[in-house]
Amino acid sequence: MSTTVQPPAAAPKHMNRLGYTIADYKGADSTLCAGCGHDAITSQIIKAFYEYGVEPYRVAKLSGIGCSSKTPAYFLNMSHGLNGVHGRMPSLGTGVMLANRTLISIGVSGDGDTASIGMGQFVHLLRRNIPMIYLIENNGVYGLTKGQFSATADYGSKAKSGVVNQLPAIDLCAMAIDLGCNFVCRSFAGDPKQLVALLKAALGHRGTSLFDVISPCVTFNNHDGSTKSYKYAKDHEELLHEISFVPFFEQINVEYQEGEAIDVELHDGSHIRLRKTDKGYDPTNKGEALDTLRNCQESSEFLTGLIYINESKPDFLTLLNMVDAPLATLPQERVQPSAEDLTEIMAALM
Amino acid sequence: MSTTVQPPAAAPKHMNRLGYTIADYKGADSTLCAGCGHDAITSQIIKAFYEYGVEPYRVAKLSGIGCSSKTPAYFLNMSHGLNGVHGRMPSLGTGVMLANRTLISIGVSGDGDTASIGMGQFVHLLRRNIPMIYLIENNGVYGLTKGQFSATADYGSKAKSGVVNQLPAIDLCAMAIDLGCNFVCRSFAGDPKQLVALLKAALGHRGTSLFDVISPCVTFNNHDGSTKSYKYAKDHEELLHEISFVPFFEQINVEYQEGEAIDVELHDGSHIRLRKTDKGYDPTNKGEALDTLRNCQESSEFLTGLIYINESKPDFLTLLNMVDAPLATLPQERVQPSAEDLTEIMAALM
Amino acid sequence: MSYKSPQTLVVEEEQRGSGGAVINDFPVSGKNLFPSNIAGLPTWFTIRANKDGWIARRKEIDFLVAMNPETAREDVMGLDPNRVVVYEETLKANQYRRDLTFFPVPFTKLASGITPDSRLRKLLANMIYVGAVGHLLEIDPAEMEFALTKQFKGKAKAVTLNKTALDTGRKFAAENFDKSIVPYRCQRMNATKGKIIIDGNSAAALGCMFAGVTVATWYPITPSSSLCEALTEYMKEYRIDQDGKATFAVVQAEDELAAVGMALGAGWAGARSMTSTAGPGISLMQEFVGLGYYAEMPTVIFDITRVGPSTGLPTRTQQSDILSMVYCSHGDTKHIVLIPASVEECFEIAYAAFDLAERFQTPIFVLSDLDLGMNNWMSDPFKYPVKKFDRGKVLSVEELKRLGSFQRYGDVDGDGIPYRTLPGTKHPAAAYFTRGSGHNENAAYSERPDDYQRNMDRLNKKYETARQHVPKPEIAHAEGAKIGFLAFGTTHWAIIESRDQLAREYNLPISYYRLRAVPFTKDLVEFIEKYDRVYVVEQNRDGQMAGLIKLDIPAHLVGRIRSIRHYNGLPIDARFITDELVAAEKGEEN
Amino acid sequence: MSYKSPQTLVVEEEQRGSGGAVINDFPVSGKNLFPSNIAGLPTWFTIRANKDGWIARRKEIDFLVAMNPETAREDVMGLDPNRVVVYEETLKANQYRRDLTFFPVPFTKLASGITPDSRLRKLLANMIYVGAVGHLLEIDPAEMEFALTKQFKGKAKAVTLNKTALDTGRKFAAENFDKSIVPYRCQRMNATKGKIIIDGNSAAALGCMFAGVTVATWYPITPSSSLCEALTEYMKEYRIDQDGKATFAVVQAEDELAAVGMALGAGWAGARSMTSTAGPGISLMQEFVGLGYYAEMPTVIFDITRVGPSTGLPTRTQQSDILSMVYCSHGDTKHIVLIPASVEECFEIAYAAFDLAERFQTPIFVLSDLDLGMNNWMSDPFKYPVKKFDRGKVLSVEELKRLGSFQRYGDVDGDGIPYRTLPGTKHPAAAYFTRGSGHNENAAYSERPDDYQRNMDRLNKKYETARQHVPKPEIAHAEGAKIGFLAFGTTHWAIIESRDQLAREYNLPISYYRLRAVPFTKDLVEFIEKYDRVYVVEQNRDGQMAGLIKLDIPAHLVGRIRSIRHYNGLPIDARFITDELVAAEKGEEN
Ligand SMILES: Cc1ncc(C[n+]2csc(CCOP(=O)(O)OP(=O)(O)O)c2C)c(N)n1
Ligand SMILES: Cc1ncc(C[n+]2csc(CCOP(=O)(O)OP(=O)(O)O)c2C)c(N)n1
Ligand code: SF4
Ligand code: SF4
Ligand SMILES: [Mg+2]
Ligand SMILES: [Mg+2]
């Protein structure tokens, strides 16, 4: 297999294809604890949006409540941000995308925000396949309220106080696949390269892309006995594949052996290339994806990579058959029926 | 394999082992539409509780809001009933079981009540494994509010008005298994024998037992094009196995060939025996259960039977290490620490 | 409204000494009293018809059609003496009273004569009684046929069958009854010419559509579902572009928290958005509405009130969510509530609500109720709204270029209303960060006491500004009046009739202030100042609106406020008000 | 309370002409002002110490220890003239003002002299300033060592290290500063003998434990989390049976809807149940609380109020959820709210709440706030409650045998309170069906207007009955007073000090009514009748309690109610009240 060679368009080195510098994608200074996984993820978001070349004014940043949910203030200062209430980011995000389908939305949530109070809205966002990068900064605890277990805390994980979690963890990736999500990945705040590649791929996907990113809480859940610590994650990370991303505006010709990698064309024409490890994993196979997740749940493995992808399913906005222009800014003439229409309606009621 | 013979204890024919008649398990007259699947399920609940011989005063009946949620008024008049608010039966039920662990609780919900507004609480009830029979009377629509699609409506299913559902159905059984539920079954209001056997088995299980029962809404979702009609369900039902139930107080000796049936001993000493069909299905295998569900989702099969069972996991009340007596009725002496205790606490604060 | 298997049809008319006068182009109003159950439980349908145009519920029934075995006895026992009862013969309704005029009809038997289909028979029995009643009340047969043909438009077989039933009933009555003993009669009038009939929810849906709503989100709940359902139908017809694409999105959410969340998200992003619900939904929306208030996000929320608290009586009417709306959410919050009384106002106020939401950048409540929303009301046709939309203080790219920057939460104009930008605005200064936590004028996070307090004071000022923009009351000063009524919403219809009763029967002229919004406009105080006592009449137990009024007026006027409350779930009626008022005024004399 | 990296320690003392007098067994109160953030943002800790026992917040700072580069300038600029500043030398705090007394200390440098560990150094710097301050304020070194040893009990290494730091600070101050120019001084008193120090949330947790709570459910939220966390710890210690099993269940729910649902389910099934939350949780609980009211299910709900609306300021204090609690849920609802002002009352009122919940079979709110809940307060030790629990009207099997049957929602005793049975009661007549929809006396489904209204009237009567059972106010009539204060909760501490100020400085005696519950007891009206004006002082923008009072008293008294409101998120202080009152009274004179 091969794709045509084309050198990348010439642009000043410190600028992306739209002429923005990386500084244009930064936000306010973080007030999180030094070393918090969330800050690492923020950096990768900045990098991915810069490298892909996203128009900042087209982005809507969304979040709920929690340390993780604070982070949208720390990236993309030139984008509108909406930091809502605890656990209800999905509905706000849905409304935003209904109002303006031309926006690119990225929502950041926490494991408490999503898997506890937000579970209902999370499920229904996935079911509707709302176009949105939905990124969970998963640390297994409630950071902002000081370290209580969340619903993604692993069975047997030990809290700082020594209390052991006796309930099973909810696997948000498995849940997402089951609910029809077509872009599901798991990553790690300590693996910047993979995360950036996945984020760029998500920018090329249409529909919800779910990111379950292990993001250690250095203050409340980074001790021995925790299964969401940097050390635990590093020791247990198992890559599903090496990921490279080829954006639609760059066409590179890299030959590879049939069967050695999987190349998926994304909705926007970009490609994501997954170089197989010895696992020989195929992320376009739903059954394999779910089985793999279940197996690694049982064996406490921490798999990272693109777990499932399907580029053929329509998103919710497509199903709604809306006009192309944002509903938000349609002029009065296009949204107010005519006087004749009213007369007709009235006549039918007489 | 075999179990010892013992004739059932002699009891008057029209009474169960506790001396109650079937009338003692009935409720008020139903006000549902004639032919509603929910009424059929009500009858099977009455039958199962009668035949198993449940003490009515030990039962707590729970429900949310909907036609389905009205049904606890139609069975077990001698049991306390709590018909709460829409979608929040799980939390009420959890509270009831925390207060009195000696109760036997049965919750009846609808697909709207559980899969839409109730999704969050449903997930967390399952995750906690609260001892409760949780029965969803699944008709794919909101009956009581007149026929809108619910989140279990199948993709492509047609409403009475002709509108076609474009969103995927949530498979509540798959979700339950994923979340750690240890007794998961799917049945059909039109298959009384199977439903009664499963209900009796659930009475012997400790922890949540989930029932996803297809229960046609004759008024709003029984037409051609619906996938939750009597006709569709009858035409597509695929039995996983033939089920028989042997309560702990009856020991029957029926020989069967190794491999021909699966016999599971329940928490209370009862047995459920699953005679294999040509599918050769093993409901104690989680992976097989999930794969089977996924496959039949894809092929639009309607499987019924005991999909997954695991008798070895503790329920939430066990994890809490509570005293055996109901917390609700502990006397003041047992719940109010002594004056010396207060003095000790005060001293530590000086 | 669809007529769901009415088991008992109740026709009533003001009884006059001279013999009543009714129907054919005379004002009627119908109310469906149905249970919170899909089928099988008793349902009543009351029709009020009278030449003076009173359309409030009337407690007393003059002409009863008793079809339902379960309620026939109680329905008959509840009548005043000398009233008329048409009934299914087998119910033996005449065994219960001696002081009524009875007309037994063998409906079932007559129906079996027409069709062998038992399901159809039940429906035809209803048409047979229409025929019989038509004869007894002297309704023009031609008019009835006309109505029937219109109802079953295009279904020739149904028309024939129903016409046979109608004739059967009429014939049976003509042959067996002496209609001259019936003290009521229908007479042709011209009072309904050019009128439409519509339910309040459909009217509100039309208002929303003509207000250019683009995102509507909802979760089914009685009695509000039909608003978004009607909206969907109308939008499919009138809001599809030439290329077949929708200029709207209507989304059935998974619950009310999600519905209002979507509506707020859409409003934040610039859409004219709305949701519709009833009491339980209002309770569930509380947290999000607080975000809307504090972070200043527009949307419109309809509350079609049913009887609370809790699940309450889902198919009965009440005005009891007032405090839940006005004080919606924890902390110091106050909301704008608009209150239509008629289907015409459902249209107009729905329309106005979107302008107000965008102007004030806050959730706007519209308070309707089951009686208004789900029953059919006669009305003049709605007037086409010619005004330009008020999209509020939204800065465009051009304005941003001119200004260079903007303060999201500053009070530039001194009215408490800040400026905003929409996501997608292509200007480097457009973006800002919205949050429900503390913020300063620049929308930056702040916990500073002064920032917090300044912001809260501005929000208060914004609320005060709203007093000048909300729909004004309708005020009627009565000549020689010493006291006044204050009411709102559907209570209006009983009030105007009660005022007539009080004037005629007690020679008691009473002025009237019909409130159409919270916060109150300044003429409220002026009105109260004019009268010795003002009776606030409302449909809830706790006198919720009377309380809000007391808190809003100078202390020396509080003593003038009286409260009349009706809260049994049925629409309030004029006689109730008249009696309560007369009793209260007697009390004042002592 | 844990001292989270205090960046700036602020010590303050009433400045007297004669020179102040403080510490060692003299009354102190500390308040932690922290951001809604885990680490790294500025935090203040204020200590108030004075011989008269005033423990409310005092706005003015007398003795500032400035350690935080980000806030040092603003903190210094905010001081009144002639105050004292101890500061980290490198901050050059003395550059900002000439009218203060400055003591620069090289904390970081001194700390490096003690340890090479940089993380430890930061902590030791804090101990060094304690030493320096101790010297300047003449605190007995022996007492300081005693306190230090107690704090680090058992950790010998920590004791040594900290003692070195303490000594270093003291030595540095002694060698470099002239303490005689400091106008404050600590003197041994005996005012704290036998006192305990505890935060309100821990006190409330103890109240719950001694009230025999069996089911507690919660969802983490500041400032309420520490209540259930303290409860868990205490319960593990004191509520484990001999066989090692728990006589309780504490469950962290998935959100507040679930938390209150579990609590109500448990209450319904007979447990003494509770939940604890803050404003956003109260908003989310609205629907369920309506069920509790209407279906009559007991539970106790703590609201540890923070600053609203919405997420607001999670780590600041306010009393602004009053209306959200009293009118919680749609429809006609009214709830009982209990209001402790001290840690002792947190204990007692928490205890009382369970009796009231079971007696009245309804959700009982307890209104505390961040200031009371999360700060440490000095108190007399709590008294052991000797009363028998009031488990309310629960019918036992024996009683059912005697009665044969019972009416779940009947009003047998004329107090509006019905009888109930618990699931699990072994009697054929025990069972009943609970629902949030319409029901009659027998708990059967009913949509009848008369059933509905009778039930609502009974609920109203029950609420009236509650007036005689809720905690009574604390009333202090001042000799010669023409006006009164009315306050509740933590406002109390500023009120008593303000009364003292007004008496001393303005010769203005003011009576005082400290409210401890809604609904109000009948002595409220008696109090208001006695005074020309009653100033309701509260910590919210909208005067929420003043509003409730106006609605509850006869109209002719409404004119006497005045409102003083403090709502910037900091605890109210006496001087604010005094100034507001004096200004208002001046206004009255004109
Ligand atoms: C309705 C509501 N309940 C509770 C809270 C308190 N709260 C704030 S953040 C949070 C949990 C955050 O956990 P998570 O989402 O995992 O984020 P993290 O801080 O771990 O990144 C909670 C419970 C709230 N803000 N709102
Ligand atoms: C908070 C709230 N929202 C909406 C409703 C209205 N409502 C009553 S039942 C129901 C749906 C019932 O559907 P389902 O649970 O599937 O039960 P079914 O009637 O189909 O048996 C809804 C939306 C309500 N009672 N409460
Ligand atoms: S508390 Fe944990 S999650 Fe929050 S900022 Fe600190 S390290 Fe990150
Ligand atoms: S509407 Fe449907 S679900 Fe409800 S009672 Fe009728 S048939 Fe059953
Ligand atoms: Mg977390
Ligand atoms: Mg359903």
Side-chain angles (χ1 to χ4, degrees), chain B residues 28-36 38-39 63-71 73-74 82-88 110-122 139 141-153 159 161-163 165-167 170 217-222, chain C residues 1-2 4-5 34-43 70 118-119 122 201 217-230 232-233 236 249-261 276-285 304 306 308-315 374:
Chain B
D29 287 343
S30 168
T31 64
L32 303 185
C33 306
C36 176
H38 303 352
D39 277 340
S63 63
I65 302 287
C67 294
S68 34
S69 294
K70 288 182 177 191
T71 62
Y74 312 144
L82 176 49
N83 175 221
V85 293
H86 193 27
R88 317 291 175 194
D111 42 324
D113 198 60
T114 285
S116 297
I117 192 169
M119 181 51 76
Q121 299 212 337
F122 175 65
N139 53 18
V141 290
Y142 295 179
L144 193 55
T145 55
K146 305 199 170 181
Q148 301 86 0
F149 281 129
S150 81
T152 65
S161 62
V163 176
N165 179 36
Q166 296 189 305
L167 296 177
I170 297 177
C217 170
V218 293
T219 303
F220 298 112
N221 205 17
N222 201 32
Chain C
M1 193 190 57
S2 64
K4 288 186 33 293
S5 57
F34 58 103
S36 177
N37 201 66
I38 297 302
L41 289 187
T43 301
E70 288 169 55
S118 72
R119 225 168 35 91
K122 216 165 178 170
N201 282 350
T217 59
W218 66 296
Y219 187 68
I221 188 165
T222 308
S224 115
S225 304
S226 58
L227 201 165
C228 280
E229 284 173 334
T232 309
E233 293 310 311
K236 279 190 198 160
V250 182
V251 176
Q252 182 185 316
E254 63 271 28
D255 63 13
E256 289 86 350
L257 288 95
V260 74
S276 173
T277 188
I282 295 292
S283 279
L284 288 172
M285 292 179 182
I304 317 299
R306 60 195 218 181
S310 198
T311 303
L313 309 180
T315 58
M374 287 189 73

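Numbered from 1 within each chain, the chains take letters A, B, ... in sequence-line order.
- Nearest heavy-atom pair, Ser36(C) versus Leu144(B), reported as atom, atom and distance to 0.1 Å: O-CD1, 4.2 Å.
- Remark: side-chain polar atoms of Gln252(C) are not paired, donor with acceptor, to backbone N or O of Gln148(B) under 3.5 angstrom.
- Only the side chain of Val163(B) comes within contact range of chain C, with heavy atoms under 4.5 Å apart.
- Tyr74(B) meets the ring pair (Phe, Tyr, Trp, His ring centres under 6.0 Å) test with no other residue; sequence neighbours excluded.
- Every residue meeting the ring pair (Phe, Tyr, Trp, His ring centres under 6.0 Å) condition with Tyr142(B), not counting sequence neighbours, appears here in chain and number order: Tyr219(C).
- Here the side chains of Ile221(C) and His86(B) are not in contact, with every heavy-atom distance at 4.5 Å or above.
- For chain B, the nearby part of Leu257(C) is the side chain; its heavy atoms alone come within less than 4.5 Å.
- Only the backbone of Phe149(B) has a heavy atom closer than 4.5 Å to any heavy atom of chain C.
- Shortest non-hydrogen contact noted between Ile38(C) and Cys33(B) is CG2-SG, 3.6 Å.
- Rounding to the nearest 0.5 Å gives a distance of 7.5 Å between CD of Glu233(C) and OG of Ser161(B).
- Contact of Thr219(B) with chain C is made through the side chain alone, with heavy-atom distances under 4.5 Å.
- Here the side chains of Thr311(C) and Asn83(B) are not in contact, with every heavy-atom distance at 4.5 Å or above.
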